[in-house]
Amino acid sequence: MNIVVLAGGTSTERDVSLITGKNVTKALRRNGHRATLLDVFMGFDGDVSTFFDTDGIDETLKISDTDPDIQGILASRKGDAKGLFGENVISLCKAADIVFIALHGEDGEDGKVQAAFDLMGIKYTGSGSFGSALAMNKYYSKQLMDSCGVRNAKYIVTKGGDAAPEFPLPCVIKPFSGGSSVGVSIVTEKAEYENAINQAARYESDIIIEEYVKGREFSLGILGGTALPPIEIIPKEGFYDYKNKYQEGMTIEICPAELDESLTLKMQENAKAVFAALDLEVYGRIDFILKDGTDEFYCLEANSLPGLTQMSLLPQEAAAVGIEYDELCQKIIDLSLEKYN
């Protein structure tokens, strides 16, 4: 099949997306497909008739230890920076048998690209526009967790620039719709509180403030309706932030997690309940924390397009049940195509 692997874009997770796209493109080519990596923002200014002949990969791609300079990216596109879709992106996606969406963060994981593709009749992988939008919005996803009986941390919402509302410490402050822990702060002292709100407001005007739940952190993938084994995440220092997620050696990851069987089953059932409540499809990842000294799980968030980099959690969970990386990418293609039959 001719497959566009759509990555990049203008979100704070741009670098992560490009590495996901690079890995997926190589896997799909090993599987015999004519897969080519395409930056949704930068587009393609070459001969479109030969687009699928090469992989389109820049081997110098890497993830830095800080989120990318988005203003610099916006200024670097030929012509102007208006609109997400770069040159020839739509025509190439229409020419593909399916688009593997390797985007993360805003304008990719939030359902906007999926909605555009639905209107244009372009087939794509993963969840549809509605489920993607629900999962990306932390406020609505928490309400839906409540509706299906899945415990999550108490919270309030505010806006950057408003007077900082009172909230018990310690707490977690984060943007409404961000990913990869960009703009997230754990606040333990009152002096840090307002600065943390300002930090989150750099990325989004809407902010959510949650109670801090101290405990062991886990993630659990869903693939084709099946809950994969949970993975435990243990940062060597600090919390599971952008640097600890993507810089090798910063985090210990144990899969399958060392959990009592009953707790594992409970987490898997909770993950499937959240996945269904948010109208997600094909694959995703649900994050949890097990509160210290209890058997109480708290759901942190849902990811409709989890990373597929060499550091990512979902491929490790799939490997734990015998699904290696190339097969995982193929399963995502096959399950996605079933939606259109």
Side-chain angles (χ1 to χ4, degrees), residues 10-16 64-71 104-106 109-110 133-146 150-219 232-247 250-251 274 286-294 296-303:
T10 58
S11 85
T12 55
E13 296 178 81
R14 171 183 171 81
D15 291 352
V16 183
S64 65
D65 59 3
T66 58
D67 53 291
D69 174 14
I70 299 304
Q71 291 305 312
H104 302 312
E106 187 180 10
E109 199 166 358
D110 59 5
L134 288 175
M136 194 67 177
N137 186 297
K138 293 178 175 62
Y139 174 66
Y140 290 117
S141 61
K142 285 173 78 68
Q143 288 191 315
L144 287 164
M145 289 176 204
D146 289 337
V150 174
R151 184 185 291 111
N152 60 93
K154 296 176 183 176
Y155 65 97
I156 61 172
V157 297
T158 187
K159 284 185 176 290
D162 289 353
E166 290 189 8
F167 195 83
L169 301 182
C171 67
V172 182
I173 297 177
K174 50 191 170 184
F176 248 40
S177 301
S180 286
S181 300
V182 175
V184 175
S185 301
I186 296 176
V187 177
T188 58
E189 298 179 11
K190 191 172 183 178
E192 304 168 341
Y193 187 72
E194 192 165 344
N195 285 339
I197 289 178
N198 292 336
Q199 168 73 4
R202 288 179 53 211
Y203 299 96
E204 191 173 354
S205 60
D206 293 318
I207 297 163
I208 190 162
I209 305 171
E210 293 179 340
E211 66 172 318
Y212 173 64
V213 180
K214 186 174 181 355
R216 298 165 63 190
E217 191 167 346
F218 301 87
S219 190
E232 183 170 7
I233 306 147
I234 310 170
K236 292 182 178 179
E237 60 180 45
F239 71 102
Y240 196 47
D241 60 6
Y242 189 91
K243 182 176 180 179
N244 284 334
K245 277 180 166 75
Y246 301 116
Q247 298 304 310
M250 300 298 292
T251 303
V274 171
I286 317 295
D287 298 338
F288 294 90
I289 196 158
L290 175 61
K291 187 175 182 179
D292 280 350
T294 75
E296 295 179 350
F297 283 110
Y298 289 73
C299 187
L300 299 175
E301 64 179 8
N303 302 271

So which heavy atom on Asp110 is nearest to which on Met136, and how close? CB-CG, 3.8 Å
Which heavy-atom pair separates Thr251 from Pro235 by the least distance, and what is that distance? CG2-N, 3.8 Å
Stepwise salt bridge (Lys or Arg N to Asp or Glu O under 4.0 Å) test for Glu210 and Lys142: CA-CA 11 Å; Glu210 293 179 340; Lys142 285 173 78 68; 3.2 Å; yes
Are Asn303 and Glu109 close enough that some pair of their side-chain heavy atoms sits under 4.5 Å apart? yes
Check: Glu296 side chain, Lys291 main-chain N or O, donor-acceptor pair, under 3.5 Å: no
Using the side-chain contact (heavy atoms from CB on, under 4.5 Å) rule, take Asp287 and Ser219 through it: C-alpha gap first, then chi angles, then the decisive distance, then the call. CA-CA 4 Å; Asp287 298 338; Ser219 190; 2.6 Å; yes
Cys171 versus Tyr193, closest heavy-atom pair with distance: SG-CE1, 3.9 Å
CG of Leu300 to CE of Met145, rounded to nearest 0.5 Å, is 8.0 Å
Working to the nearest 0.5 Å, report the span between CG of Asp69 and CZ of Arg14. 10.5 Å
Worked check of side-chain contact (heavy atoms from CB on, under 4.5 Å) between Tyr155 and Val172: CA-CA 9 Å; Tyr155 65 97; Val172 182; over 6 Å; no
In sequence, state the C-alpha distance, the side-chain angles, and the governing distance for Glu192 and Leu169, and then conclude on side-chain contact (heavy atoms from CB on, under 4.5 Å). CA-CA 10 Å; Glu192 304 168 341; Leu169 301 182; over 6 Å; no
With rounding to the nearest 0.5 angstrom, report the CD1 to CD1 distance, Ile209 to Ile156. 4.0 Å
Least distance between heavy atoms, Ile208 atom then Pro175 atom: CG2-O, 4.3 Å
Ile173 to Ala200 - nearest heavy-atom pair and separation: CG2-CB, 4.1 Å
CZ-CD1 distance between Arg216 and Ile233, expressed to the nearest 0.5 angstrom: 11.5 Å
Using only atom types and a distance under 3.5 Å, with no angle test, would you say the side chain of Ser11 pairs donor to acceptor with the backbone of Glu13? yes
Could you give the distance from NZ (Lys138) to CD (Glu301), rounded to the nearest 0.5 Å? 5.0 Å
Could you tell me whether the side chain of Tyr298 reaches within less than 4.5 Å of the side chain of Asn152, counting heavy atoms only? no
Indicate the atoms forming the closest heavy-atom contact of Ile197 with Ile207, along with that distance. O-CD1, 3.5 Å
